[in-house]
Amino acid sequence: MPELPEVEAMRRGITLAVGSTIRSAKQPKSRYRPIRIDPSWEGVEYGVVGRRIERVERIGKRVLIGLSSNDWLVIQPKMAGMLLAGDPPTPEHVRWQLHCQGASDCTITYWDRRGLGTLAFWSDRQLKERLGPDAIGPDALGIDGERLRTIFGELKRPIKPALMDQVKLAGVGNLYASEILFRCGISPRRRCNRIGKRAWEAIATSTRAILLDAIEQGGSTLRDGTYLMVNGESGGYQEAHQVYGREGLPCPRCGTAVRRIVQAQRSTFFCPQCQVG
DNA sequence: CGTTCAACCTGGGCGC
DNA sequence: TGCGCCCAGGTTGAAC
C-alpha cells in the first residue's frame, strides 16, 4: 500500500500524540500470525511504556516515533499497514496499539490486513546505522534533476523500476512511479543512461509535484480500501490518477488506450503515445 | 551489473 | 455458493 504520500499523511496524522506519554501498549489476541517485530513485542512494550512521544518523523516509507528515552519506534507498513487514531475498519486486523495520555489523550492503532508490515524498537544509534544516508537514498520529496542524474545517469536499467529502488531514492513506489513518468512524458522502459539532462529535470519536477499534491490530498485510497487516513477517511488522490490502474481507458491527454506492462514483477501503466521511449 | 523468481501474508474480484 | 486463479501501494534473498 503506502508510498511516500500515504506514509507522510500518516506521519502528520500521528503528530497529535506528540507531547503525550505512552501509558500502555497492547497486542490484541488474533487468529492471525503476529507481524514481525524487532526485537520482540515484549521488548517494544518494555521500551515504550512510560515514555513521552517527542516527535514523529518519516524516512522513506517508514514512520518513526521518537521517544523521550532517545529510542525510536520504527513502523514499516509495507503493502497494507496503516496508522489510525480512531476505530479500525475491522478489529481482527489490529496488530498493536499505544494508549497515550497527556497533551491529548489518544490511541494509536496499527491496522494491517495482510500482516506484511513490521515494527522495530531501535536506539538512536541503531536507527542511524540502519536508515542513515548510507543505507537509504535521498528523500524523493526534495529531489532535483542534478541529483537524479548523478544517482541513475549511468545505469542501463529502465527508469521505472530504477525510481523504485529505495537504496537509491527513498519514497517512490509502484503507483507514483507510473504517474510521475506519465506527467513528464517519459516511457517507463527508457534506459537511465539514455535520459538527458533536461529529462532528468523534468522527472525531478514531476516527482516533487505529484508527491506534494498527493500528500495534500491525503494519499491514494484504492478500491480495496487498504489505505485510510489517520482519521479513518479515504484519501483523495486516486481521483487524480492519470494512468495507474487505468489499463484500456483513454489517456487523459491524447485519448490513446492506457497500456499495462510488467517490469520487475510489478505492473506499470503508461500511455504509448505520450510517453516517448 | 541486471534480471527473475520465490517468499512473506490476506483478501477482493473475476470466470466458471 | 464454491473453487481456482489473478491481482494488490513492499521488501528480501537466492539464483542465473
Side-chain angles (χ1 to χ4, degrees), chain A residues 1-10 30-38 58-63 74-83 88-95 110-120 130-131 135-137 140 151-181 188-194 210-211 214-215 217-229 234-248 260-269:
Chain A
M1 140 230 219
E3 303 181 30
L4 186 152
E6 291 76 27
V7 175
E8 175 61 16
M10 286 180 208
S30 163
R31 66 189 175 94
Y32 298 108
R33 245 186 59 121
I35 63 164
R36 274 180 41 216
I37 300 175
D38 176 28
R58 176 185 59 77
I59 295 183
K61 299 175 190 171
R62 292 171 171 92
V63 174
V74 181
I75 301 135
Q76 188 174 27
K78 297 258 183 100
M79 291 291 269
M82 65 177 88
L83 289 169
T90 54
E92 66 269 25
H93 296 99
V94 170
R95 309 298 173 145
Y110 178 72
W111 187 89
D112 189 342
R113 196 184 262 159
R114 293 176 69 177
L116 295 172
T118 61
L119 176 65
R130 299 175 197 194
L131 293 183
I136 197 163
I151 296 169
F152 297 110
E154 308 293 310
L155 304 180
K156 292 176 184 166
R157 308 182 65 190
I159 178 65
K160 194 267 191 170
L163 283 177
M164 294 167 60
D165 184 339
Q166 304 299 301
V167 174
K168 296 192 159 56
L169 179 69
V172 175
N174 200 44
L175 188 163
Y176 292 100
S178 283
E179 293 295 322
I180 287 165
L181 292 171
R189 295 194 270 217
R190 186 110 147 249
R191 310 259 158 197
C192 290
N193 60 2
R194 297 184 50 203
I210 285 182
L211 296 180
I215 291 167
Q217 304 297 313
S220 300
T221 296
L222 301 188
R223 274 189 300 275
D224 62 2
T226 21
Y227 162 74
L228 300 170
M229 296 187 287
S234 292
Y237 195 73
Q238 62 281 3
E239 308 296 337
H241 294 177
Q242 307 286 291
V243 288
Y244 183 81
R246 302 178 53 83
E247 182 182 18
R260 171 183 175 272
I261 59 173
V262 174
Q263 294 179 290
Q265 288 78 244
R266 313 299 301 280
S267 286
T268 297
F269 298 89

P spacing across the pair C/dC5 / B/dA7, given as an integer number of angstrom: 16 Å
Using a cut-off of strictly less than 4.0 Å, decide whether [X] has a side-chain nitrogen or oxygen near OP1 or OP2 of [N].
X        : N      : result
A/Ser267 : C/dA8  : yes
A/Arg260 : C/dC7  : yes
A/Gln76  : C/dG10 : no
A/Lys78  : C/dT11 : no

So [X], base contact, sugar-phosphate only, or nothing? Heavy-atom distance under 4.0 Å.
X        : answer
A/Tyr176 : nothing
A/Arg36  : nothing
A/Ser220 : base
A/Gly173 : sugar-phosphate

Test item: side-chain donor near acceptor, A/Tyr176 and A/Ser220, under 3.5 Å: yes
Stepwise salt bridge (charged side-chain N to carboxylate O under 4.0 Å, His left out) test for A/Asp165 and A/Arg157: CA-CA 11 Å; A/Asp165 184 339; A/Arg157 308 182 65 190; 3.8 Å; yes
A/Met229 and A/Gln217: CA distance, side-chain angles, deciding distance, side-chain contact (heavy atoms from CB on, under 4.5 Å) verdict: CA-CA 10 Å; A/Met229 296 187 287; A/Gln217 304 297 313; over 6 Å; no
Beyond-backbone contact of A/Leu169 with A/Leu163, side-chain heavy atoms, under 4.5 angstrom: yes
Atom pairs under 3.5 Å, N or O on each side, protein against nucleotides 11-14 of chain B: can you list them with distances?
unit_1: B/dG11; atom_1: OP1; unit_2: A/Tyr32; atom_2: OH; d: 2.5
unit_1: B/dG11; atom_1: OP1; unit_2: A/His93; atom_2: NE2; d: 2.7

Short N/O separations, protein against nucleotides 1-4 of chain B, under 3.5 angstrom:
unit_1: B/dG2; atom_1: OP1; unit_2: A/Lys156; atom_2: N; d: 3.0
unit_1: B/dT3; atom_1: OP1; unit_2: A/Arg191; atom_2: NH1; d: 3.4
unit_1: B/dT3; atom_1: OP2; unit_2: A/Arg157; atom_2: NE; d: 3.2

Atom pair CD1 (A/Ile159) and CZ (A/Arg191), whose distance is rounded to the nearest 0.5 Å: 12.0 Å
Candidate pair A/Thr268 and A/Arg260, rule side-chain contact (heavy atoms from CB on, under 4.5 Å), full reasoning: CA-CA 6 Å; A/Thr268 297; A/Arg260 171 183 175 272; over 6 Å; no
